[in-house]
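Lettering follows sequence order; numbering is per chain, from 1.
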Amino acid sequence: MTRYTPAEIEAKWQAAWEKDEVFKAVRDTSRPKYYVLEMFPYPSGRIHIGHVRNYTMGDVVSRYKRATGHNVLHPMGFDAFGMPAENAAMKMGGHPKDWTYSNIDDMVTQMKPMGFSLDWSRMFATCDPEYYGQQQALFLDFLEAGLVYRKNAVVNWDPVDMTVLANEQVIDGKGWRSDAEVERRELTQWFFKISDYSDELLSALETMDNWPAKVRLMQENWIGKSRGLQFAFSTVAQPEDNDKISPPEGHDRIEVYTTRPDTLMGASFVGISPDHPLAKQLERDNPEVAAFCAAARKGGTTAEAIEKADKMGFDTGITCRHPFDTAWELPVYIANFILMEYGTGAIFGCPAHDERDFEFATKYGLPITSTFLPAEDAEEVLSKAFVPTKSETVYYNRGFAGEKLQTGADGVDAAVDFCEANGVGQAVTKFRLRDWGLSRQRYWGCPIPVVHCETCGVVPEKKENLPIQLPYDEGGAPIDFSIPGNPLDRHPTWRNVACPSCGAPALRETDTMDTFVDSSWYFARFTAPDADTPTRMEDADYWMNVDQYIGGIEHAILHLLYSRFFARGMQITGHLPSKSIEPFDALFTQGMVTHAIYSTQDAAGRPVYHYPEAVELKDGKAFLKDGGAECQIVPSAKMSKSKNNVVDPVNIIDSYGADTARWFVLSDSPPERDVEWTASGAEATFKHLGRVFRIVSDIAASPPGTTADDAELLKEMHKAIHDVTMGVDSFGFNAAIAKLYGFTSTLAKSKAGGDAKREAAKTLAQLMSPMTPHLSEELWTMLGQDGLITQASWPVADPAMMVDDTVTMPIQINGKRRAEISVAKDMPKEEVEKLALSQDAVIRALDGAVPKKVIVVPGRIVNVVV
RNA sequence: GCGGGCGUGAUGGAAUGGUAGACAUACCAGACUUAAAAUCUGGAGGGCGUAAGCCCGUGUGGGUUCGAGUCCCACCGCCCGCACCA
């Protein structure tokens with residue numbers, strides 16, 4: 001008998017698959033297509049065990065669909081632009097391009113031995129000019145269709161690195177790399193008009209039944225639809241001798257938006273953003289205001305930075321009139337907590353019913369008036385804001401003393417209607433979702449294909465000039481990435497071009513695109529990676545949509561929302577068929593692979609982390625192999641280089657082979673949950689695969705024949721087909737694997753004849769093949785089957801073969817199990833009842849009591865009620 | 001603060017409202033072996049009992065049901081997302 005040697009087996013079958021190009025996807029309208037895609041990796045240089053789990057899941061689906069007659073597209077590529085490449089160049093010298101492509105080579109080399117059923121011929125990286133050139137073409141089409149525009153926007157600006165930072169890159173108000181205080185700066189940037197699609201992106205979520213509810217909810221919250229009232233306060237022109245200030249010209253109204261018009265009579269001030277046009281006007285006129293606005297703008301725009309910031313206000317001296325009581329004047333404050341980007345950049349402050357306004361009013365001594373109490377109690381001192389539900393009864397205390405406004409279920413709706421009816425503002429729907437700023441002041445990204453001409457303005461590049469390639473050198477010399485700022489900006493020649501419109505000397509745009517643009521349409525490009533347009537319609541029409549998309553929950557909002565927007569844009573610009581308005585039919589978000597952290601403490605009490613190989617496990621405790629000191633164990637932690645708990649798939653393949661790694665990452669936990677990598681688990685998987693190998697090779701060598709046990713084995717086989725198919729079909733991989741363990745034991749112990757055993761072994765190999773394709777091919781050959789198991793049809797369970805003739809039924813008395821009987825499956829209820837009541841244990845437990853009722857659930861249970 | 005999810009043996013986890021703990025790890029015992037490894041067989045939620053068996057048991061407390069890990073209500077704990085969003 002030969003031994004299970006994964007290194008030999010895996011290389012052999014991978015070569016066989018490659019030779020026959022079994023995973024090459026070719027358009028074939030005679031077969032149903034199936035497009036399975038895993039979120040493509042960033043080329044960091046190393047494959048992570050988390051990648052292995054992600055791609056294994058996709059591979060199981062891919063192989064299963066192929067076996068059930070589908071024409072499968074299963075591609076792989078690299079999300080290759082982005083800051084890490086530039087950071088590597090800054091730190092270690094070299095060029096982002098060389099770093100990236102060398103990493104891609106390394107990662108492909110690491111991925112290939114996993115035996116994924118990928119069509120490698122379709123591979124691309126987003127930094128390939130062939131890809132980003134098409135992305136530039138898309139950009140131009142989007143521009144023409146009005147889906148992209150330029151505007152001023154407030155951004156996080158790092159004054160040392162001289163670049164815009166994403167919110168995630170701002171830590172404690174400081175640049176993550178430079179440690180410099182981040183400024184809020186207004187810059188002219190390119191934006192995608194995603195907010196135009198807010199309502200549609202929101203309502204379509206309801207139809208996306210095969211997406212996790214959690215992701216749909218997260219997107220719903222992110223889009224953030226709200227209904228409210230928009231209305232204007234009129235500002236008050238003051239007489240000369242007044243200590244109040246008249247509003248500057250052109251500012252006789254302040255528009256505000258509110259979702260709580262039912263609290264309008266509790267207003268005590270009007271607040272405007274430091275970026276509000278009125279604030280800016282005052283800033284120009286008054287240095288005091290300018291100083292305040294500058295201070296208020298300081299600090300990042302991250303949630304964290306905002307949370308820590310104190311409420312700051314500046315009384316402008318301007319007042320405005322309450323719309324329901326023109327004698328009632330409210331002071332106008334500039335306040336740091338009001339965002340210009342949301343609503344109108346101005347609010348009415350209602351301290352009694354808003355925590356934030358309460359804090360502000362307390363600090364600046366503004367009145368706090370409840371609108372939810374009868375007029376005589378309204379001035380009652382509140383210790384904190386009372387935030388009413390949206391259907392509470394509303395009293396309009398001032399001007400409408402004691403009058404109950406609310407009539408229907410929703411006080412807000414009633415208030416909106418009331419205000420509209422009285423000529424105060426109109427109902428407005430607002431969204432939290434803002435337009436997607438795509439400009440980045442970085443080198444390693446897709447150049448934005450426009451030219452700035454002194455006479456023509458912003459001119460789109462001509463399509464025949466695409467791709468606009470990134471320069472590799474800087475006027476013959478290597479680009480110096482250690483200088484802060486964008487190398488494209490200071491490049492001696494790259495910027496200089498002829499205006500595509502008038503031909504005069506002009507300057508190329510030096511901003512590049514956010515890398516999320518790259519990943520917003522790569523799934524469409526995979527349908528025709530060689531096309532000389534972004535997509536080729538006949539291929540897109542055949543392969544789209546992605547039938548199953550698999551990736552991490554961390555992309556629940558940005559990537560998945562941007563892609564949904566892009567699919568719409570690509571449809572409008574004729575690059576995707578109309579059915580692809582939602583590009584991902586089904587989405588699955590998988591959990592992480594975690595690993596225990598082992599640590600001891602040094603003399604100063606700081607933790608010292610140890611590699612798993614340096615630790616010996618005994619009775620659930622961990623001891624250092626060197627010295628024997630006991631370690632602290634943190635189970636199930638996210639893998640992190642600094643904690644020394646990273647598992648390298650390459651090492652696992654070397655020790656156990658790819659099939660072991662594939663089986664293990666699917667086996668222990670449900671795929672949506674985290675799975676903990678354990679050495680003992682990997683070892684056990686390897687042993688199990690070795691056992692399967694032995695069992696099947698024994699069976700292959702056994703003589704033919706039949707025995708009385710054949711039927712029983714075949715029944716178990718059909719049950720296994722049924723259960724494993726169900727599991728694989730519904731992302732129940734762990735359950736499918738549990739069933740396969742059970743079926744393997746059944747097969748090993750069966751006394752069935754050689755023929756039945758061979759049949760069962762063949763089926764076992766097939767059922768395992770999506771998870772352990774190499775081993776399965778070997779078993780297939782061992783059992784004398786022709787061709788590749790990879791190309792064999794999936795076994796079909798015969799329901800007639802799975803039926804048990806007799807069933808074991810527990811008998812309960814008042815819900816407690818007291819006995820069990822074995823009966824024919826189709827025994828009539830009355831007979832089952834009679835038999836149950838005649839059992840010794842039942843008679844004993846009843847102790848002479850007469851049953852009130854006997855419930856018989858055929859094939860399941862008998863419950864006797866006393 | 002708002003929104004969502006989850007609590008089951010030592011551990012990861014199974015259970016269309018119908019025998020809770022499948023399967024796996026760790027553990028224990030036995031076989032084989034001079035021995036170890038490998039392999040094979042078996043055990044195992046807790047308590048009482050020689051045993052048959054009985055009692056308890058899915059975070060806590062209630063409820064619905066012949067029957068609840070599963071459905072409903074309240075509470076406790078943990079995890080995730082969002083957040084000066086007007």
Of the nucleotides B:C84, B:A26, B:G13, which has the atom closest to the A:S680 side chain?
B:A26

Are A:K363 and B:C84 close enough that a side-chain N or O sits under 4.0 Å from OP1 or OP2?
no

To the nearest Å, give me how far apart NZ (A:K853) and P (B:U65) are.
10 Å

Name the atoms and distances for all side-chain donor-acceptor pairs under 3.5 Å in residues 678-693 of chain A, with sequence neighbours left out.
from, atom 1, to, atom 2, distance (Å)
A:T678, OG1, A:G681, N, 3.0
A:E683, OE1, A:Y656, OH, 2.8
A:T685, OG1, A:G681, O, 3.0

Looking at B:C40, I'd like to know if its phosphate oxygens (OP1 or OP2) sit under 4.0 Å from a side-chain N or O belonging to A:R691.
yes

Closest to the A:P810 side chain: B:U19, B:G18, B:C85?
B:U19

So, taking the atom named CE in A:M208 and the one named CZ in A:R216, what distance separates them when rounded to the nearest 0.5 Å?
7.5 Å

Pick base, sugar-phosphate or nothing for A:T258, based on heavy-atom distances below 4.0 Å to the nucleic acid.
sugar-phosphate

Side-chain donor/acceptor contact of A:R818 with base of B:U19 under 3.5 Å:
no

Give a yes/no answer on whether the side chain of A:Y257 brings an N or O atom under 4.0 Å of OP1 or OP2 in B:A86.
no

So which of A:F348, A:F314, A:Y364 actually passes ring pair (Phe, Tyr, Trp, His ring centres under 6.0 Å) with A:Y333?
A:Y364

Considering only B:C82, B:U19, B:C66, which nucleotide approaches the side chain of A:R432 most closely?
B:C82

Options B:C23, B:G13, B:C84, nucleotide nearest the side-chain atoms of A:N734
B:G13

Between B:G21 and B:G69, how many Å separate the two C1' atoms, rounded to a whole number?
11 Å

Using the P atoms only, state how far B:A37 lies from B:G49, rounded to an integer number of Å.
36 Å

Sub-6.0 Å ring centroid separation between A:F731 and A:F733
yes

What integer distance in Å separates A:Y741:OH from B:C23:C1'?
8 Å

Distance check, P atoms only: B:C72 and B:U65, in whole angstrom units.
16 Å

Atom-pair distance (CG on A:L666; C1' on B:G13), nearest Å:
15 Å

Mind checking A:K749 for me? I need base, sugar-phosphate or nothing, with any heavy atom below 4.0 Å counting as a touch.
sugar-phosphate

What interatomic distance, in whole Å, is found between P of B:C32 and the corresponding atom of B:A68?
49 Å

Figure out the CD/C1' separation between A:E820 and B:G53, and round it to whole Å.
15 Å

Smallest heavy-atom separation, A:L837 atom then A:V864 atom, equals CD2-CG2, 4.0 Å

Could you work out the separation of B:C73 and B:U64 based on their C1' atoms and round it to a whole Å?
11 Å

When you measure from the side chain of A:Q812, which nucleotide among B:C40, B:C84, B:G67 comes out closest?
B:G67

Please tell me if A:R356 has a side-chain N or O lying less than 4.0 Å from either OP1 or OP2 of B:G1.
no

If you go through the side-chain atoms of A:K430, does one of them form a donor-acceptor pair with the base of B:C85 closer than 3.5 Å?
no

Between A:D804 and A:K825, does any side-chain N to carboxylate O distance fall below 4.0 Å?
no

Does the pair A:D698/A:K757 count as a salt bridge with the N-to-O cut at 4.0 Å?
no

Distance check needed: B:A14 C1' versus A:E672 CD, whole Å only.
13 Å

Which one, B:A24, B:A86, B:C82, comes nearest to the side chain of A:I557?
B:C82

Taking atom types as they are modelled, is there a donor-acceptor pair under 3.5 Å from the base of B:C82 to the side chain of A:N221?
no

Side-chain contact test, heavy atoms from C-beta onward, threshold under 4.5 Å: evaluate it for A:I347 versus A:T258 and give yes or no.
no

Could you check if a side-chain atom of A:P277 sits within less than 4.5 angstrom of a side-chain atom of A:M340, using non-hydrogen atoms only?
yes

Suppose you measure atom P in B:U16 against the same atom in B:U11; what distance do you get, rounded to whole Å?
23 Å

Nucleotide nearest A:I861 (side chain, heavy atoms from C-beta), chosen from B:U19, B:A24, B:C84:
B:U19

Between B:A14 atom P and A:D723 atom CG, what is the distance in whole Å?
15 Å

Side chain of A:A684 only, please: which of B:G81, B:C85, B:A24 is the nearest?
B:A24

A:F337 ring centre to A:K311 NZ or CZ under 6.0 Å, with the angle to the axis within 45°?
yes

Using only heavy-atom distances, decide whether a donor-acceptor pair under 3.5 angstrom links the side-chain of A:R260 to the base of B:A86.
no

Determine the Euclidean distance between corresponding C1' atoms of B:G13 and B:A22; express it in Å to zero decimal places.
10 Å

Which is it for B:G9, anti or syn, if anything within 90° of zero counts as syn?
syn

Which residue, A:V857 or A:T678, contacts RNA chain B at a nucleotide closer to its 5' end, judged by nearest heavy atom?
A:V857

Starting from P on B:C84, measure out to CZ on A:F348 and report it in whole angstrom.
19 Å

Could you please name the option among B:C66, B:A38, B:A26 that lies closest to any side-chain atom of A:K687?
B:A38

Could you pick out which residue, A:L217 or A:I338, lies toward the 5' side of RNA chain B when each is mapped onto its nearest nucleotide?
A:L217

Map every base of RNA chain B to its dot-bracket character, where paired means a Watson-Crick or G-U wobble contact with both distances under 3.5 Å and | marks a partner outside the strand.
(((((((..(((.....[....))).(((((.......))))).((((....))))..(((((..]....))))))))))))....

Candidate nucleotides B:A38, B:A24, B:C80, ranked by approach to the side chain of A:K214 - the nearest
B:C80

B:U33 to B:A52 separation - C1' atoms, rounded to the nearest Å:
40 Å

Atom CZ of A:R3 and atom P of B:A38: how far apart are they, to the nearest Å?
13 Å

Within the modelled atom types, does a donor on one side and an acceptor on the other bring the side chain of A:R694 and the base of B:C40 under 3.5 Å apart?
no

Distance, nearest 0.5 Å, that separates CE of A:M39 from CD of A:Q590
8.0 Å

